[in-house]
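This report concerns only the one structure given below.
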Protein chains: 2
Amino acid sequence: MADPREPAPSPAASLAEGVAARLRDQVTGGALVPGQRLSEARLAAELDISRNTLREVFRLLTREGILRHEPNRGVFVAVPSMASILDIYRVRRLIEVPALAQAWPGHAAVARMRAAVERAGALQAIPDWRGVGSANMEFHAAIVALTDSPRLIQFFTQIIAELRLAFGLLDSPELLHRPYISRNAEILGRLEAGDPAGAARMLEDYLTQSERAVLEAFARLG
Amino acid sequence: MADPREPAPSPAASLAEGVAARLRDQVTGGALVPGQRLSEARLAAELDISRNTLREVFRLLTREGILRHEPNRGVFVAVPSMASILDIYRVRRLIEVPALAQAWPGHAAVARMRAAVERAGALQAIPDWRGVGSANMEFHAAIVALTDSPRLIQFFTQIIAELRLAFGLLDSPELLHRPYISRNAEILGRLEAGDPAGAARMLEDYLTQSERAVLEAFARLG
DNA sequence: CATGATTAAATTGTTGAACAAAGTATGATA
DNA sequence: TATCATACTTTGTTCAACAATTTAATCATG
């Protein structure tokens, strides 16, 4: 495997979806700054697609919450707010904790959780903190995958994208991601030891602490 | 007020969103049958919009789950399955029960709940069972609104649309909606009496029973 | 100088036509 | 009947155009 960061070069069913994925990465990766306006004409030329196709892309990403559409004014990269972060963590608690609590330790998603933990560990050594952040998010996406609920999984994917958008806004990624590598490992260990309820309690602590850290970093921006 | 069924003739920010709302109603209202194919050319002519705009509409509704898009083959009205109904009720339990349990009885959404109950009662007298179903769904949307979480509210709106799509597939709407008018009223009464926890327990029973009824009706179709 | 109204420029919203690519139906042939 | 080549239909995508709206620039006026 060449680069452990890139999850999968999915075949991009249609051009619009492919471009959407590319743009999504650019946004969550920080290449596009929150609040920035995305001119249809300019971006279409830059991406080498037509305006119509780009508009389809905009519709997709707007509904995902990482772009904002103001009628007759244009499309902007969404600007995370304190309120949105609070909302996101609330949703995370509501979904992740029960998902883990009712997990069957033999579920296939447990392997995904373990892979994510190991990837985070490897990227920590480079160090690539943004990569660590991605791996940590993947860990939590895997937790939701434990539910086998397509709707929850898709919804949570959105939530994660929004959260990564907020992360991109903050500096000091090491502080935001480093402490949670071992914490994820502990949660996973407890689950594999056959104690989902205990793992869920640890996860709840994790979320509370992570939320506080993010909010503090956010407050430091003014 | 002329017709208590129509919630609000929203100003339709853009043409695409307006048409999306119209199509959504046609689908959840049963005018478009699940599995039916939506030809771009024909439907665009019928709705008197261009193919490009219709495609934007398709993207919106596909992401909402009420249309399905097969690359190079076309767009179809989504076909509810037993699995999707199970998933939907699981999500409902996960979101609605905690939402109600932690509700503050003075919240503005309580008024929405009461309005929905009263509307259902009125429509029962006509009788308009499809309308009763809509009112019941509005009751539960109001429960989620108790959380003040934009993300949960938007997500739940989707879930409701999908469920109404499934309802449209089933016959005997009276059997599916009638029993729940009084049940909703009881839940509301318990909440207004200052016992959110008790109301939440009643809601849980409600969901279990409703799920069973829907699944049975679904099984009768073969 | 500031301010508000008027005009000009740029951008979005939407359409229609066009064509390549993929899928579907048709029909000839073995 | 089964199979394969062919014609037809539909989707995927682009392009050019124009109306509607917003933004910027201009300018008169207190």
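Any value given below was found using the heavy atoms of this structure, including those in side chains, with hydrogens, waters and symmetry copies removed. Just so it is clear: chains get the letters A, B, ... in the order the sequence lines come, proteins before strands, and each one is counted from 1.
In the set dA17(C), dT11(D), dT22(D), the nucleotide with an atom closest to the side chain of Asn72(A) is dT22(D). Residue Glu40(B) places its side chain closer to dG12(D) than to any other of dG12(D), dT13(D), dC15(D).
Taking every heavy atom of both residues into account, Phe76(B) and Gly35(B) meet most closely at CD2-O, 3.7 Å. The minimum heavy-atom distance linking Val57(B) with Ala20(B) is given by the pair CG1-CA, 3.7 Å. Nearest heavy atom pair, residue Arg90(A) against residue Ser149(B), reads NH1-CB, 4.5 Å.
One atom, CD of Glu70(A), and another, P of dA20(D), lie 22 Å apart when rounded to the nearest Å. Rounded to an integer number of Å, the gap from Leu54(B) CG to dG12(D) C1' is 14 Å. Distance, Leu15(B) CG to dT12(C) P: 18 Å, rounded to whole Å. Spacing between atom CG of Asn52(B) and atom P of dA16(D) amounts to 15 Å, rounded to whole angstrom units. Distance NE2 (His69(B)) to P (dG23(C)): 12 Å, rounded to an integer number of Å. Atom P of nucleotide dA10(C) and atom CZ of Arg73(A) are separated by 18 Å, given to the nearest angstrom.
Within residues 55-68 of chain A, no residue approaches DNA chain D, by heavy-atom distance under 4.0 Å.
Axis deviation across the helix from dC1(C)-dG30(D) to dA30(C)-dT1(D) amounts to 20°, comparing end segments of five pairs, rounded to 10 degrees.
Comparing Ser50(B) and Arg37(B) by the nucleotide of DNA chain C whose heavy atom lies nearest to each, the residue mapping closer to the 5' end is Ser50(B).
The six-membered or imidazole ring of Tyr180(B) lies away from that of His140(B), with a centre-to-centre distance of 6.0 Å or more.
On a pure distance criterion of 3.5 Å, a polar donor-acceptor pair joins the side chain of Arg51(A) and the base of dG13(C).
In terms of phosphate contacts, Thr53(A) brings a side-chain nitrogen or oxygen within less than 4.0 Å of OP1 or OP2 of dT14(D).
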